[in-house]
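If you read the sequence from its start, that first residue is 1, and numbering goes on from there. Since this is a predicted model, take the numbers as computed values, not measurements.
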Amino acid sequence: MPEISRRVFGGLVGGAVSAVAGTSATASAAPAERPFRSRPAAGRPHRRPNILFILGDDLGWADLSSYGAPHIRTPHLDRLAAQGVRFTDAYSGSATCSPTRFSLYTGRFPGRTKGGLSEPLGHRSQGLDPSHPTLASLLKKAGYATALIGKWHCGWLPDFSPTKSGWNEFFGNFGGALEYFSKLGQLGDYDLYEGDATYQDLRYYTTVLTERAVEYVGRDHDRPWLLNLNFTTPHWPWLTEDDAEAGARIAAEIRSGSVLGALRHDDGGSVEKYRQMVEDLDASVGRVLAALRRSGQEENTLVVFASDNGGERFSYQWPLSGGKSELLEGGIRVPTILRWPAGVDARQVSHVPVYSPDWTATLLELGGARPHPAYPLDGHSLAGYLLRGEKVPERDLFWRVRGNRALRRGDWKYYRDADGRDHLYDLGTDVREQADRAAERPALLAELRSAWEKVDGTLLPYPAA
């Protein structure tokens, strides 16, 4: 397949939205996506929206049929995209689970906090300092009800918890992974909680989270609300609702002391099993969105769907290179969809580069909340772009992980690999990052490297390995 431009490729996969978003009888007649444009002033919303932010876990950029997956069918998420805006150049805040969550919850680079230096979090001494303002604490101060359902992965009890960081309610797991039936997690113990107390439910975890989310959005809310709905699907271990027996074997291995080895499930999974997990995630999102529609709140609820980082092992990433844990496009570019009927028109596509900290700034502005002046945001609010026709200002997108560095400016990307070699890619013509332009454009390479190092100088250093 020849290299194709970002916009041409976006148009190619955008056709998938038209093909699957509606019913089979009408899909062929559905209008194609058009470039994003905000509504005229007369169509702008007058009330603060409810916010439903849904995260998949290790879901690759092209794992949805609306993003080009040839073998995975995701009709509910494709319909969500057809009802709003599909972002082709959206990124996670980091290349692994917990740093991205730090960036989303704080609106800042993970390296601004000690907990964000762990890639990912792995023991009880690490976490998001409860004194640090978060998306939830700032919206709560502005009058929102706040809840987090699903994977937290920003620290363990007794020192860290969503309820210590601004969420009124928490139902989910503290760690980065768990066996889907027994709920045994990455520290080897039971990891399903309601608030700060364990909650016993040995059914398939995705089903449990979906039921709780359906209940939350269906309530008779008396004020606007924020719900962070963080699925663990399709993160390993590779289990579906029909795999209780395989789950029991993994749980036995965890109890015997082989915790991460068992959870990683290196001897299990397949492309077919992964397909089933992603399609189950899609169906679960569909059930939550149906409950939202039944509740009468759909019109003024802003829904964002994204992934916490790029795909792993069985994920479909084409045409991107790399995957989870590295800063090539496949590790950080993620499917991202926004729907807000009261504020944004349907069947649109945006090629504007955005990433996790931008959503924090955006949701705070739309919710009428102010960032804490002592903790300036690194993200840029997209509210002006979404609602007022403003251009997103030119700015650099910055990433840092151990062994990799990256910075995107316009279509140019500076990347340093694990061997310490610097590369320069033009993502507008080479989204696969195969044509290294470093030797051809040494001055630009030096400029972008200097820009990366300037930001890096403001962050906390990594502790000695």
Side-chain angles (χ1 to χ4, degrees), residues 45-55 92-94 98-116 127-155 159-172 195 216-217 221-230 297 300-304 306 308 336 338 340 342-343 354-388 392 395 458:
H46 300 290
R47 294 183 295 124
R48 297 184 296 169
N50 303 315
I51 299 165
L52 172 57
F53 201 108
I54 308 173
L55 272 183
S92 55
S94 189
S98 57
T100 288
R101 294 163 201 271
F102 272 76
S103 72
L104 176 62
Y105 299 153
T106 67
R108 309 175 79 211
F109 298 134
R112 298 213 184 275
T113 59
K114 287 185 178 180
L128 176 56
D129 186 341
S131 68
H132 195 296
T134 64
L135 172 66
S137 68
L138 295 169
L139 284 174
K140 181 178 178 179
K141 186 177 179 181
Y144 273 69
T146 58
L148 190 150
I149 296 174
K151 176 174 170 176
W152 163 240
H153 206 187
C154 285
D159 297 321
F160 310 104
S161 171
T163 58
K164 298 178 187 293
S165 289
W167 283 269
N168 298 116
E169 301 179 33
F170 169 57
F171 179 85
Y216 187 86
V217 302
H221 294 275
D222 61 0
R223 50 183 167 150
W225 47 265
L226 162 73
L227 172 57
N228 289 99
L229 175 54
N230 300 343
Q297 302 172 92
N300 198 39
T301 297
L302 189 158
V303 179
V304 179
D308 59 348
T336 301
L338 179 145
W340 184 16
V354 301
Y355 64 166
S356 301
D358 294 336
W359 295 116
T360 318
T362 303
L363 299 178
L364 290 176
E365 180 175 346
L366 294 176
R370 294 179 178 273
H372 194 294
Y375 301 87
L377 302 180
D378 290 309
H380 178 87
S381 174
L382 306 174
Y385 171 69
L386 294 171
L387 296 180
R388 299 185 292 274
V392 177
R395 51 23 185 300
T458 70

Report yes if some heavy atom in the side chain of [X] is under 4.5 Å from a heavy atom in the side chain of [Y]; otherwise report no.
{"X": "Asn50", "Y": "Leu302", "result": "no"}
{"X": "Thr106", "Y": "His132", "result": "yes"}
{"X": "Tyr216", "Y": "Leu229", "result": "no"}
{"X": "Pro49", "Y": "Trp340", "result": "yes"}
{"X": "Leu226", "Y": "Leu135", "result": "yes"}
{"X": "Leu55", "Y": "Leu104", "result": "yes"}
{"X": "Thr301", "Y": "Trp225", "result": "yes"}
{"X": "Asn168", "Y": "Tyr144", "result": "no"}

As an exercise, state the distance from [atom1] of [X] to [atom2] of [Y], rounded to the nearest 0.5 Å.
{"X": "Ile51", "Y": "Leu139", "atom1": "CD1", "atom2": "CG", "answer": "5.0 Å"}
{"X": "Leu386", "Y": "Leu366", "atom1": "CG", "atom2": "CG", "answer": "7.0 Å"}
{"X": "Phe102", "Y": "Ser94", "atom1": "CZ", "atom2": "OG", "answer": "11.0 Å"}

Restricting to non-hydrogen atoms, name the atom on [X] and the atom on [Y] that form the minimum distance, rounded to 0.1 Å.
{"X": "Ala306", "Y": "Thr336", "answer": "CB-OG1, 3.8 Å"}
{"X": "Gly368", "Y": "Arg48", "answer": "N-CD, 4.1 Å"}
{"X": "Pro357", "Y": "Asp378", "answer": "CB-C, 4.4 Å"}
{"X": "Ser356", "Y": "Gly93", "answer": "OG-N, 2.9 Å"}
{"X": "His372", "Y": "Pro133", "answer": "CB-CG, 3.7 Å"}
{"X": "Gly367", "Y": "Ala142", "answer": "O-CB, 4.0 Å"}

Point to revise | Stepwise side chain to side chain contact (heavy atoms under 4.5 Å, CB included) test for Leu338 and Val303 | key: CA-CA 6 Å; Leu338 179 145; Val303 179; over 6 Å; no
Check whether [X] reaches the backbone of [Y] with its side chain - one donor and one acceptor, N or O, closer than 3.5 Å.
{"X": "His221", "Y": "Arg223", "value": "no"}
{"X": "Arg108", "Y": "Pro376", "value": "yes"}
{"X": "Asp358", "Y": "Gly379", "value": "no"}
{"X": "Ser137", "Y": "Thr134", "value": "yes"}

Check your understanding: Looking at Phe171, Phe170, Tyr105, Phe160, which one forms a ring-ring contact (aromatic ring centres under 6.0 Å, His included) with Trp152?
Key -> Tyr105
Practice item. Would you please test Glu365 and Arg370 for side chain to side chain contact (heavy atoms under 4.5 Å, CB included) and show each step? Key: CA-CA 7 Å; Glu365 180 175 346; Arg370 294 179 178 273; over 6 Å; no
Point to revise | Steps toward side-chain hydrogen bond (donor to acceptor under 3.5 Å, both in side chains) verdict (Thr100, Asp308) | key: CA-CA 6 Å; Thr100 288; Asp308 59 348; over 6 Å; no
Ion pair check, [X] and [Y], cut-off under 4.0 Å:
{"X": "Lys140", "Y": "Glu169", "result": "no"}
{"X": "Asp129", "Y": "Lys114", "result": "no"}
{"X": "Asp159", "Y": "Lys164", "result": "no"}

Point to revise | Check: Thr458/Arg112 side-chain N/O donor and acceptor closer than 3.5 Å | key: yes
Review point. Going through the checks in order, is the side chain to side chain contact (heavy atoms under 4.5 Å, CB included) test met by Leu227 and Val217?
Key: CA-CA 8 Å; Leu227 172 57; Val217 302; 3.9 Å; yes
